[in-house]
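One structure is given below, encoded as structure tokens.
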Amino acid sequence: MKNNLFLDAAFSKQTERPPVWMMRQAGRFMPQYWEIKNKYSFLEMCKTPEIAADVTMLPVDLLGIDAAILFCDILVTGEAMGGDLSFTQGVGPKFANPVRTAQDIENLNVDCLDELQYVADAIKVIQQRLNGDIPLIGFAGAPFTVMSYLIEGGSSKDFKLTKLFIHNQPELAHKLLAKIAKVTADYLNLQIAAGVNAVQIFDSWALALSWNDYQEFSHRYIQEIIANLNRKDIPVISFCKGSSVFAPIMAEAKPDVISVDWNADLLNIKNALPAGIAVQGNLDPHILYADKAVIKAQIHKLFERMRGTEGFIFNLGHGIMPDIPFDNVKYAIEVVKEFRY
């Protein structure tokens, strides 16, 4: 690997500056993304290896980040298991056949890796294009987050159906989560076998859960997934919205990196974690709307706070919003790359 900054930081080694990549870095804030998106549906983009590679490479070529992340979606596991998935502009993802009964859960298929082969194919194309310049991150949705979409039938503001399900029918919830966890571990191992250099688990909606419910309905399954990964030389990043609260539990699953939302002081989180667990984050993405002087000052403030810390990857506390100016994102990455400890 020509640029080892990301992998070194992920394995808690000292780096001359923080490596940088950003969640949703290959996305809707880029005019070049829309040039592709206007020709194909979202799922066509995910399922056509050459197109997925084109989108994955956009931030590599245009932003100069230190790690690429596979272009795909966290819900492809739910689709592979039997979910009727679609994406509609302005609406988001929908499952036309929500999972709400014991029979619905029984009908879900766990032997579905063949349905996800297009992801392995895309990884191979991307790695050819990267040519060893920077690492490629693979990813999957965490079981609780994927379950919430399957039960709600799409996005939700209050997760009412999901929370009723885990409280009124906990045995069924665990049966569903166990199935998703099995598929997720197999899927991440498929990505590792295809050639990714790191993996991230996204628990986007963990913040909907109480402390006790997070332990029971999220953490235990992430722990199971990580324990079943072929992770030799492959750093594992655990992210959830809510990591500022749940980081102590997240550490028990033994990831290499915990990705932290913007609600916490990053150094305090780092110092409270066991030695050898790196942190990733945690700039509030809304700062990227601000004037460039503000962006630079906020990044430098975070870096000065983290100065001397081994195992720090710069990222946002969540993904880039679609209407953040491209020039501001590019500028932020330039600020990071010019910094030296």
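Keep in mind that this is a model prediction, so the values were computed, not measured.
Around atom CD of Glu304, more than 12 heavy atoms belonging to other residues, nucleotides or ligands sit under 6.0 Å away. Heavy-atom contacts from other residues, nucleotides or ligands closer than 6.0 Å to CZ of Arg129 number more than 12. The number of heavy atoms from other shown groups lying within 6.0 Å of CG (Asp114) does not exceed 12. Heavy-atom contacts from other residues, nucleotides or ligands closer than 6.0 Å to CD of Glu16 number more than 12. Within 6.0 Å of NZ in Lys296 there are 12 or fewer heavy atoms belonging to other residues, nucleotides or ligands.
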Which is it for His318 and Asp284 under the side chain to side chain donor-acceptor pair (under 3.5 Å) test, yes or no, and what are the steps along the way?
CA-CA 7 Å; His318 200 225; Asp284 180 350; over 6 Å; no

Before you tell me yes or no, could you show the steps for Asp66 and Arg17 under salt bridge (charged side-chain N to carboxylate O under 4.0 Å, His left out), namely the whole-Å CA-CA distance, both residues' side-chain angles and the distance that decides it to 0.1 Å?
CA-CA 11 Å; Asp66 294 311; Arg17 66 164 172 86; 2.8 Å; yes

Evaluation steps, side chain to side chain donor-acceptor pair (under 3.5 Å), between Glu152 and Thr162
CA-CA 7 Å; Glu152 303 283 344; Thr162 307; 2.9 Å; yes

Trace of the side chain to side chain contact (heavy atoms under 4.5 Å, CB included) decision for Asn189 with Leu229:
CA-CA 6 Å; Asn189 281 329; Leu229 292 182; 3.8 Å; yes

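For the pair Val99 and Leu108, the minimum side-chain heavy-atom distance is below 4.5 Å. Using a 4.5 Å cut-off on side-chain heavy atoms (C-beta onward), Cys240 and Leu207 make no contact. Residues Met321 and His286 meet the side-chain proximity criterion, which asks for heavy atoms closer than 4.5 Å. A heavy-atom distance below 4.5 Å is not found between the side chains of Pro322 and Phe29.
Follow the hydrophobic side-chain contacts under 4.5 Å out from Leu150 and you reach Leu43 in the same cluster. Both Tyr187 and Ile234 are members of a single hydrophobic cluster when ILVMFWY side chains are connected at heavy-atom separations under 4.5 Å. Cluster membership check: Trp262 does not share its hydrophobic cluster with Phe314, using side-chain heavy-atom separations under 4.5 Å among Ile, Leu, Val, Met, Phe, Trp and Tyr. No continuous path of hydrophobic side-chain contacts links Tyr331 to Val294 [ILVMFWY only; heavy atoms under 4.5 Å]. Hydrophobic clustering (ILVMFWY, side-chain heavy atoms < 4.5 Å, transitive): Leu190 and Val125 are in distinct clusters.
When atom types are taken as modelled, the side chain of Asn3 and the backbone of Ile134 share no donor-acceptor pair closer than 3.5 angstrom. Using modelled atom types, no side-chain atom of Ser243 and backbone atom of Phe246 make a donor-acceptor pair closer than 3.5 Å. Although no hydrogens or angles enter the test, the distance criterion places a donor-acceptor pair under 3.5 Å between the side chain of Thr56 and the main chain of Phe71. Although no hydrogens or angles enter the test, the distance criterion places no donor-acceptor pair under 3.5 Å between the side chain of Glu79 and the main chain of Asp84.
Looking at residues two or more places apart in sequence or on another chain, you find no side chain to side chain donor-acceptor pair (under 3.5 Å) involving Asp73. In this structure Thr48 satisfies the side-chain contact (heavy atoms from CB on, under 4.5 Å) test together with Ile51, sequence neighbours excluded. Partners of Asn107 according to the side chain to side chain donor-acceptor pair (under 3.5 Å) rule, which considers only residues two or more places apart in sequence or in another chain, are Gln103. Looking at residues two or more places apart in sequence or on another chain, you find a side-chain contact (heavy atoms from CB on, under 4.5 Å) between Asp327 and Lys292.
Here the rule is side-chain contact (heavy atoms from CB on, under 4.5 Å) with Met22, and of Leu288, Ile65, Val336, Ile324 only Leu288 fits it. Tested against Val199, the residues Leu70, Leu188, Ile226 include a single side-chain contact (heavy atoms from CB on, under 4.5 Å) partner, Leu188.
Under a 4.0 Å N-O distance rule, the pair Asp133/Lys2 qualifies as a salt bridge. A salt bridge between Glu334 and Lys337 is absent, with no side-chain N of the basic residue lying under 4.0 Å from a carboxylate O of the acidic one. Taking a cutoff of 4.0 Å between a charged side-chain nitrogen and a carboxylate oxygen, Lys163 and Asp158 do not qualify as a salt bridge.
For the residue pair His174 and Glu216, the shortest heavy atom distance occurs at NE2-OE2, 2.8 Å.
Annotation: Trp205 is not in aromatic contact with Phe144 [ring centroid separation under 6.0 Å not met]. Aromatic rings from Phe139 and Phe202 are positioned such that their centres are separated by under 6.0 Å. With ring centers used as reference points, Tyr40 lies 6.0 Å or more from Phe42.
Annotation: salt bridge (Lys or Arg N to Asp or Glu O under 4.0 Å) contacts involving residues 265-278, sequence neighbours excluded, comprise Asp265-Arg305. Applying the salt bridge (Lys or Arg N to Asp or Glu O under 4.0 Å) test to residues at least two apart or on different chains, the pairs with a partner in residues 176-205 are Lys182-Asp186.
The distance from the CG atom of Leu116 to the NZ atom of Lys47 is 8.5 Å, given to the nearest 0.5 Å.
Classification of the Tyr341-Phe339 ring pair by plane angle, with boundaries at 30° and 60°, yields perpendicular.
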